[in-house]
Every structure is written in structure tokens, then in C-alpha cells.
Amino acid sequence: MFSNKESFKSVFIEKLETMYAKSFKESTLRDQYNTLGNMVREYISSEWISTNERNRKENTKQMYYLSIEFLLGRLLGSNLLNLGIRQVCEEGLADLGINLQDLEENEADAGLGNGGLGRLAACFLDSLASLDLPGHGCGIRYKHGLFDQKIVDGYQVELPEQWLRHENVWEVRRHDQAIEVLFWGNVESVVYNDRLEFHHLNAETITAVPYDVPVIGNKANTVNTLRLWSAEPSPYPPNNKNVLVYKRETEAISEFLYPDDTHDEGKILRLKQQYFLVSASLQRITTDFRMEHGSLRNLHEKVAIHINDTHPVLAIPELMRILLDEEKLSWEEAWNITKNTISYTNHTTLSEALEKWPIHIFKPLLPRIFMIVEEINEQFCRDLWNNYPYEWKRIEEMAIIAHGVVKMAHLAIVGSHSVNGVAKIHTEILKQREMRLFYEVYPEKFNNKTNGITHRRWLLKANPQLSELICETIGTEWMANPSKLESLLKYKSDAAFQQKFYNVKQERKNILAKRIQEQTGIMVDTESIFDVQVKRLHAYKRQLLNVLHIMYLYNRLKEDSHFTITPRTFIFGAKASPGYYYAKKIIKLINDLARIVNNDPQTKDVLKVIFLENYRVSLAEEIFPASDVSEQISTASKEASGTGNMKFMMNGALTVGTLDGANIEISEEVGLSNIFIFGLTAEEVLHYYQHGGYQSSDYYHHDLRIKKVVDQLVNGHFPNAFDEFDPIYHSLTTQNDEYFVLRDFASYVDIQEEVGKAYQNRPHWLEMSITNVAKSGFFTSDRTIAEYAKDIWKIESAGVFR
């Protein structure tokens, strides 16, 4: 059906009219999108089936990637690209009077993630399939995702995501593979045939129904599966609960991503989500394995299970439960299989992200799982005592259960065979500081796997103009082997290539400028520097530092007629967690500042501030190619890796950043002359945290630039703000500025002056930009996944593709 455009048109019209019982002329854009999506899914169905059959036939080791998030973005465009049929579809649809881009924009972004964690998981799935590796995803099918963000009078307002209001053409419901997941109740122990057995009684049962989404590899040699679980009421609801209450509580499990956990009710729901994901996934994995192999005794030889951050850590005691209670293995054998099956990626050094669950919630909700975690903890602490006798403090600090909480990161380390960080500096901080005690016990477990992004999504799909120029210049080999992008270095100083490169960037800036005007009504200067910070809103990511610098520039422009800047358009995009009060204040500050700056006739021609609401993958695909400057300004030591920095780099934006996360490795690749580095180092930050010595008040009182912008938060500079920004003011002054915003302010101002001067020298700027693109090949998820596959999961591509 995709062999040529005439065949395509014929099949498209026939399928549309058959599906909707209406003539093509009567069809809507939604009808047309669904028709094309169904055609693609039908087209790959045989390959999807054969991938599974091939894996079974060759007895290939399988990897299952468990993640609470999968930020997929729109799938139509990327699937057409990976299948190599985009041109046929585009030309055939054009003959029918349909714009393919309109169909792509008709697709909703799947509401399955929030930020870098979920987008990394999506990039990994793309690379697994494109490298013909047997790796699948397991997640939750959130009905309403995180939330749709609206900005009303500068405030963030959260609305439910409605991505499932229409059918999801990419998913297949597999009710025949539904799983029962148990909560609450009690555990009874009995001796049977000289063996102590445990039975979970009086449990509340919830049905987990899988929806499978095909993950299409480049050239479609492999079609893996993303399995998303939906929580539905069991046919046998509990007798002790109102049926409507039971139905509502059940459906809430797969309704929203990251429910507010500031109260016990929210904590219970989050813990339910996490166990729901791992229990459904592991029950299905082990059931299928047992059917194929007869028992689970060699599970670890044929299955790898990876837990993406701490959310799926309950996979460890759940696998133990299955091996102990269902497979009837001894504790020692079950523990050996579990440890050798499961691997763990840590994504943060932030203590609030290293989950700890109160026992008073955990134990009644998951009684059997808690018993197993208790036993894991007992045996682990016994081993510690044997190795470190009388070192009570060490054992207390390392215990999985202590001080009334279950520590999920500790459980993850103890119960897995591999613990990896996601950038060199992050891994070293884990080993030497945050998890030093565990590293001393298990040095062989710790390793680094620097994050990557899929160039198929973030260059080939997101920036076809630049991709075409690259192909025209160095050929197409880089599409399969992105390290070949380095061949662009030969052209970085070539005037003709620079002009073409500049033209591409301006075309993309014009596209984004149009989007900005449509969404905000504001016209921006496409000759200005597009200075962009788009990412999750968190204090450590320091959007606030960016804002204070803009306030400083505005003050200088107002006060000093001789002060000039290279015209700048500062672009923000970010969602703040609904319960993150402080972060929402920063969003309000950005929007209030934008209202002042953008409407001031004295500054509006050289300074603009834009906040693009509801930041998501499809919007990111317009932002990254248009960006000149990438703001990666987290407090050093706090950002595990980052992947936005890689997406910007791949599209020719220059990084302004601290030596944090993967910024360090980017600087090593491009050289310090092609990146703008400022601020404290990780070592300096960690020294302050450990030994003190930082007083934000010193910087507030002795740098008049700082005092002015900080005072403007509370002195009436922002009309009608009243005490709106008091929390930000006090965080910087009386609360001693936890993330060193004031400490790095002067350095940040200086580096931004360098950026402005560098941009005025167009040939040199373009040379730097081209260098970043050329060196971005290292940061592809294909490289990262190849490392995971070889070093951690021990999986290989099917023999036919080796």
C-alpha cells in the first residue's frame, strides 16, 4: 500500500470510506489521521508479529524497561520516518488535497510523561528497536497524563490532559492478557510439606489491562512493544467497600501521572501506581516465561528487567514474591535470580527524589511485599554486621528500613546487579558522596552510562531543513551512524556552507516566531538571539537566575542611555508540579516580567520575554531547531545529566551552562572555545554544603546589581504583585539561597555579555554552532543503548541482523 503514491491513494480512500461509511469528500481531518494511522499499524503488523516469533524461535534474551514515564510525543511523523514511507504519503496526500503536516498536528501528544525521565525512556525504546535489540517498555496508560498547562493572568492553571478523547490509533487492547493485582488484606502463614508458605487473604483485587503500542525501529527490521497498563475494576469487587468508591479508587491508579503526595491519601495513590506497574508487568513476564520454559529457574539467563529511577523498585520484592510463593523456590535461589535479573538507573542526587515510604502506609497496603522487604533488610544488615562489626552508624545509614520509612534507593542498590549513573560527574558523585557507603560494599555494581537522545526524532524529524543540508554536504551515512556528523567539521569555516546553515536557522526561527505570535500575540525579532530555557520548573534548574539576569538587563537599559545589548528574545517553557508552590511563583514572575518588558517602548525592540505554555514534545520539536542559545544553568552537582542540552547542541544552539551533568562531556567534545561555561564547580558547591561558608546576604548587600533586582521582587516594581514574590525574596536572602543563585549571578552576567559579543561576529558564531552539530553524534541514544546492551543487559540483536 506504500509502494507508490497511486497505490497509496487508492488504499487510503478505500480504507477511509470503509471505516467511516462516508465518502472521502465528507471526511474530517480526524478521519483522515485515523485512516493513515491504521494503515501504518496494519503495514507493520506482520513485522510486529515476526519480531515476537523471531525472539521466541531464537530463544533470545529479552529486556523489559520499567518506567513510570514514557514521553513519546506524536508518533505518526516518527513512524513514517522510521518506515521510510513519509515521501510517498506526503505526495499521495497532497494529490488528495491533504497536508500531511495538518494530519500530524491533529495527533495529541501522549500524556505519559513529564520531563527528561520520560523522554529518555522514549528515546531508549526508539534506539532498541532501531538497533534490532529485543527490548520492550512497561508503563502506565494514564488517562489524563500530568496536566495541560494554561497561563491565566500569569499563573499556572492545571487542566486534565485529554489525549485520549479520541481513539488512540497506535494501541491494541489485550484484555486476554489482563492481570490481577492485590492490595490491602492480610498474610497467613502455613506449613505445607515442611515448607513455610504465605497466602495473601482478604485482598482488594484490581484488574490491570494491557494496551500494546508498537515501537517501530528505523527501516522496520524490528517492531518492539511498549505495554501500558490500565487499572480497571475487578469482576469481583471487595465485599467491605462501596462499589462506587472501589471503582473510583481503582480508576484513579491510571488516571494521573504524579498525583499530589503532600498528604497520606496522595502517598497511598502513588505507591499503588508503582506496585500496580511492577506487579502487572512481572506477573505477565514470568507467566509468559514459564509457559515457554517450564519454570523460572533460568529467568535471569533469558530476561533482563531494568528499573528506571526509584519508581519501579518494588519490582525487586515482587519478583521475590513470585519466585518464593508461586515458583516455590528457596530464598537463596530466588534472591540470586532476582539480583541477576534486575538492574537500576539512578537519575538524581536530590534527596526528595530518592523515595522513602512511611511504614504505616506501606505495610497495610502491601502486606506480603513488606514482609519480603523486611527480610531483605534483615539479611542485608546481618551481612553488614559481619563485614563491619559494631559500626552501628554505618548500618543505620545503609539500612533499607529505618526510622519508620522504607528507603527505595537502598532497596534498588541491594536488590540489583548493576547501578548506573547517567553522566560521568553524576556517577562519580554517587560513588564518592551520595552512595559512598554502598559503593564501598558493592564497587562492582556501579558504572556510568551517559544519557543520549535519538537523532531520528531530534534532528531528522524535528529539523528536516538542517538534515537535508547535512545530507547534501556529507552524504547520508550519518543517519545510520551519527558519529559521521563529525565530517561537518571540514565545512565549519566554509563561507558558502555557513550561509546555508544560517539560512536554515533563520527559517526555523521564522517558524517558531509564527508559533509565538499565534500563541501569545507577540511579534519577535528573528534577527535577535533566541535564548531558550525549556525544561521542568525546579529551583535547582535555576530559571530564577535567568529571570534575575533579564531584570538586570532591563534595569540597565532603562537607567543608562549608553548601555546597549545584542537584541535578545528570552524564551521559557516549563511546567511546575501542581503542589510545588515555589516553582509556580517563578512562573508567575516570568510572566509578570514579560508583561513589563514587552510593553515598554524603551526596551521592547531589543528585549523580549516569552513564556510558551504547555511545554511538550511537539512544541519542543519547534523550539530546539530555532534556538541560538541553550540555557543549562543548574546548580553544579544537581543535574544528573540532562538531555535537553544534547537536543539543543544537535540543532546548533550554543550552551550557556555550569559544569554540571552532561554539560561537562559536551564541553569535552566541542572544546571550551565552543561553549559558554560559568559559575561554581560541583566540587565547590559540595564543599559549601559540607562545610558551610556561603552567606547569600554578603552578595545581596555588596553587589548593587543583585540588591536592586532582589528588592524589586518586593518593593512594588511589579504592579499589583503585593506579597506575591515574598517566598522568592526570602529564599534568596533570609533562607540563604540554597541553590547559589546570588553566588553565580556575577559570573552569569559576565558570560552573557560574552554571548552577546560572540553573536555579533556571525562567521565565528556559525563556526561554533556547526562544531556543536558535528560533535553531537556521541550523544545519541544509539550509543547509550549499545553500552547498556553489552555491559548491563547482555542482550544481542537477532542473529539475522548481526
Side-chain angles (χ1 to χ4, degrees), residues 69 71 113-119 145-159 161 256-263 266 270 347-355 532-551 570-594 609-616 619-620 631-635 638-640 642 644 658 660-661 696 709-710 713-714 718 721 723-742 744:
E69 295 185 42
L71 198 56
N114 175 25
L117 183 79
R119 187 52 231 175
L146 185 68
F147 58 83
D148 267 341
Q149 180 193 58
K150 298 294 180 186
I151 302 299
V152 179
D153 193 27
Y155 295 97
Q156 171 179 291
V157 176
E158 300 98 19
L159 300 173
E161 284 187 280
F256 288 97
L257 170 66
Y258 298 137
D260 182 9
D261 64 348
T262 55
H263 46 77
R270 280 211 189 190
H347 285 277
T348 185
T349 61
L350 297 177
S351 59
E352 68 265 27
L354 298 174
E355 295 176 304
V532 183
Q533 189 173 18
V534 287
K535 54 182 75 248
R536 180 168 57 92
L537 204 305
H538 194 288
Y540 87 82
K541 293 179 183 288
R542 298 202 298 188
Q543 285 92 345
L544 180 58
L545 177 58
N546 193 346
V547 174
L548 295 180
H549 171 247
I550 299 169
M551 291 169 64
F570 290 95
I571 300 170
F572 294 87
K575 290 182 179 180
S577 176
Y580 195 172
Y581 177 76
Y582 184 83
K584 294 170 86 167
K585 289 292 183 185
I586 294 175
I587 288 178
K588 172 65 171 169
L589 176 61
I590 295 169
N591 283 288
D592 280 11
L593 176 61
V609 179
I610 305 296
F611 188 96
L612 291 172
E613 69 180 13
N614 205 37
Y615 180 59
R616 58 202 183 279
L619 182 57
E631 296 281 350
Q632 307 297 328
I633 59 177
S634 57
T635 306
K638 294 299 181 184
E639 186 71 82
T658 52
D660 195 26
S696 64
V709 295
V710 172
L713 297 171
V714 293
F718 292 95
D723 59 353
E724 185 78 55
F725 304 124
D726 281 8
I728 301 175
Y729 174 84
H730 287 295
S731 75
L732 295 172
T733 54
T734 60
Q735 295 167 18
N736 205 36
D737 183 20
E738 179 182 2
Y739 295 110
F740 304 97
V741 172
L742 303 189
D744 277 349

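Worth saying up front: this structure is predicted, and the values here are computed from it rather than measured. All heavy atoms count here, side chains included; hydrogens, waters and symmetry mates do not.
Pairing each heavy atom of Leu545 with each of Val741, the nearest pair is CD1-O, 3.7 Å. The minimum heavy-atom distance linking Thr348 with Ala640 is given by the pair N-CB, 4.2 Å. Shortest non-hydrogen contact noted between Arg119 and Leu71 is NH1-O, 3.0 Å.
Ile610 contributes atom CD1, which lies 12.0 Å from atom CD1 of Ile590 (distance to the nearest 0.5 angstrom). To the nearest 0.5 Å, atom CG of residue Asn591 and atom CD1 of residue Ile151 are 5.0 Å apart. Leu537 CG to Gln543 CD: the interatomic distance, rounded to the nearest 0.5 Å, is 4.5 Å. Expressed to the nearest 0.5 Å, how far CD of Gln735 lies from CG of Asp737 amounts to 10.0 Å. For the atom pair CG of Leu713 and CG of Leu544, the computed distance is 7.5 Å after rounding to the nearest 0.5 Å. Note that CG of Leu146 and CZ of Arg616 are 13.5 Å apart. Values are rounded to the nearest 0.5 Å.
Note on ring orientation: taking the six-membered ring where Trp is involved, the planes of Phe570 and His549 are perpendicular (angle over 60°, cut-offs 30° and 60°).
Although no hydrogens or angles enter the test, the distance criterion places a donor-acceptor pair under 3.5 Å between the side chain of Arg542 and the main chain of Tyr739. Of the possible donor and acceptor atoms, none in the side chain of Thr658 sits under 3.5 Å from a partner among the backbone N and O of Thr635. A donor-acceptor pair is defined here as one N or O able to donate and one able to accept, closer than 3.5 Å; no such pair exists between the side chain of Asp592 and the backbone of Phe718. Judged by distance alone, with hydrogens and angles left aside, the side-chain atoms of Asp261 form no donor-acceptor pair with the main-chain N or O of Gly266 at under 3.5 Å. Checked by atom type and distance alone, the side chain of Lys638 never pairs as donor or acceptor with a backbone atom of Gly661 at under 3.5 Å. Distance alone, capped at 3.5 Å, places no donor-acceptor pair between the Asp148 side chain and the Glu161 backbone. The closest donor-acceptor contact from the side chain of Gln156 to the backbone of Glu613 lies at 3.5 Å or more, if one exists at all. Judged by distance alone, the side chain of Glu639 and the main-chain N or O of Asp660 form no donor-acceptor pair under 3.5 Å. Checked by atom type and distance alone, the side chain of Glu738 never pairs as donor or acceptor with a backbone atom of Tyr540 at under 3.5 Å.
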Handout entry: CA sep, side-chain torsions, deciding dist, call: Leu732, Leu548, side chain to side chain contact (heavy atoms under 4.5 Å, CB included)
Key = CA-CA 11 Å; Leu732 295 172; Leu548 295 180; 4.1 Å; yes
Exercise for the section: Check step by step if side chain to side chain contact (heavy atoms under 4.5 Å, CB included) holds for Lys575 and Asn614. Expected result: CA-CA 7 Å; Lys575 290 182 179 180; Asn614 205 37; 3.2 Å; yes
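Under the 3.5 Å distance criterion, with hydrogens and angles disregarded, no donor-acceptor pair is assigned to the side chains of Gln533 and Lys541.
Contact of the Phe572 side chain with the Glu631 side chain is not registered, since no non-hydrogen atoms from C-beta on lie closer than 4.5 Å. Put simply, the side chain of Val710 reaches to within 4.5 Å of the side chain of Leu742, judged on heavy atoms.
With sequence neighbours excluded, no residue forms a ring pair (Phe, Tyr, Trp, His ring centres under 6.0 Å) with Tyr615.
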Under 3.5 Å, which donor-acceptor pairs link side chains of residues 579-586 to any protein atom two or more places apart or in another chain?
from	atom 1	to	atom 2	distance (Å)
Tyr580	OH	Ala539	N	3.1
Tyr582	OH	Ser731	OG	2.7
Lys584	NZ	Glu158	OE2	2.9
Lys584	NZ	Pro578	O	3.1
Lys585	NZ	Glu724	O	3.3
Lys585	NZ	Glu724	OE2	2.6

